[in-house]
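In what follows, a single structure is set out as structure tokens and then discussed.
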2 protein chains.
Amino acid sequence: MVEYTLDRVFKALADPTRRAILDRLAAGEATVGHLSEPFPLTFAAVSKHLGVLERAGLVIREARGRERVCRIDPAALDDARAWLEFHERFWTERLNALNALVGTGSGKPDGSR
Amino acid sequence: MVEYTLDRVFKALADPTRRAILDRLAAGEATVGHLSEPFPLTFAAVSKHLGVLERAGLVIREARGRERVCRIDPAALDDARAWLEFHERFWTERLNALNALVGTGSGKPDGSR
DNA sequence: AATTTATTTAACTTATTGGTTGAATAACCT
DNA sequence: AGGTTATTCAACCAATAAGTTAAATAAATT
């Protein structure tokens, strides 16, 4: 369940345009038109990027009159951060333990080399 | 500089096979062959995934005899975590502030609607 | 030296992505 | 009703990604 949610969130964050859109949305909600202004892209391209962000659960697009107002939904972001934070801590811990054992501690105590 | 590093790290993390490989490597270093065992994939496919992880700076592959031993490099992971943590905190803060203002705070005080 | 074992590289296929343009939809303004 | 404005949808294109198989490289074993 969280499985492919992570796929979508990380994939959404892997594009600099989408990260820039998220940064912009951090300053407050904005319409699609407003959001596409700073980019050398068509309206449609930005709309697609927003679709990706929306499907990843990072952004909510709400119809208001003839425009769509977008805003950040930080819940999905939290999934990704939680994954990274847990793994980073875990891995760093493991690596420290391994380094403390001269650096070859593959767990197999065969003593060779 | 950090710019496309983030692209590569997030893209690398967007694939469940690659996340599984990283999880496996957290238990200690392993050869490519050893790593590909649990996956219904060819050797070559896993080797490619390791290439992606390596170019993202997440994994180091070191030749040892005729095999390649892989291990995690948590430095790049830290870049991603730092990005997410900063943004999450920032966004959540912003959202809380906005919510406190009834929810329409676009920053433009034109008073319409 | 010949063979096996571990891994990568190359060539190829199929699917997905990021972009375009142009038509479609729907709301607002005369 | 007719025209403009905001946005999406559909069709298309080029580039990338994820997988395959088969050949290439290089170390270990016999």
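These numbers were taken from a predicted model, which means no experiment stands behind them. Here is how names work: the chains are called A, B, and so on, in the same order as the sequence lines, proteins then strands, and each is numbered from 1.
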* **Upstream residue (5' side of DNA chain C) when A:P40 and A:E67 are each assigned their closest nucleotide** => A:P40
* Asked: For B:H49 and D:dG19, is the shortest distance between a side-chain N/O and OP1 or OP2 below 4.0 Å?
  -> yes
* Integer-rounded Å distance: C:dG19 P and A:F39 CZ -> 10 Å
* **Residue whose closest nucleotide on DNA chain D lies nearer the 5' end, B:A44 versus B:G65** => B:A44
* **Main-chain N/O of A:A30 paired to A:R68 side chain as donor or acceptor, under 3.5 Å** => no
* Check the distance between D:dT7's C1' and A:E62's CD and give it to me in whole angstrom. => 15 Å
* **Salt-bridge contact B:E54-B:R61 (side-chain N to carboxylate O under 4.0 Å)** => yes
* Can you check the B:E37 CD to C:dA6 C1' distance for me, whole Å? -> 13 Å
* Asked: Nearest heavy-atom pair of B:L25 and B:C70: which atoms, and what distance?
  -> CD2-O, 3.4 Å
* Asked: In whole angstrom, what separates A:L41's CG from D:dT8's P?
  -> 15 Å
* Separation of D:dG19 C1' from B:D15 CG (nearest whole Å) -> 11 Å
* **Contact under 4.0 Å: A:R61 side-chain N or O vs D:dT7 OP1/OP2** => no
* Asked: Within this structure, what is the CZ-to-P distance between B:R68 and D:dT25, rounded to whole angstrom?
  -> 13 Å
* Give a yes/no answer on whether the side chain of A:S47 brings an N or O atom under 4.0 Å of OP1 or OP2 in D:dT7. => no
* Using only side-chain N and O atoms of B:R66, determine if any of them is under 4.0 Å from OP1 or OP2 of C:dT4. => no
* With respect to the phosphate group of D:dA6, does any side-chain polar atom (N or O) of A:R64 fall under 4.0 Å of OP1 or OP2? -> no
* Sidechain-backbone polar pair: A:R18 side chain, A:L13 backbone, donor-acceptor under 3.5 Å -> no
* Interatomic distance where CZ belongs to B:R55 and P belongs to D:dA17 [whole Å] -> 9 Å
* For atom NZ of A:K48 and atom P of D:dC9, their distance in whole Å -> 11 Å
* Asked: Salt bridge or not for B:R19 and A:D7, using N-O below 4.0 Å?
  -> yes
* Residue closer to the 5' end of DNA chain C, B:V32 versus A:V52 (nearest nucleotide) -> B:V32
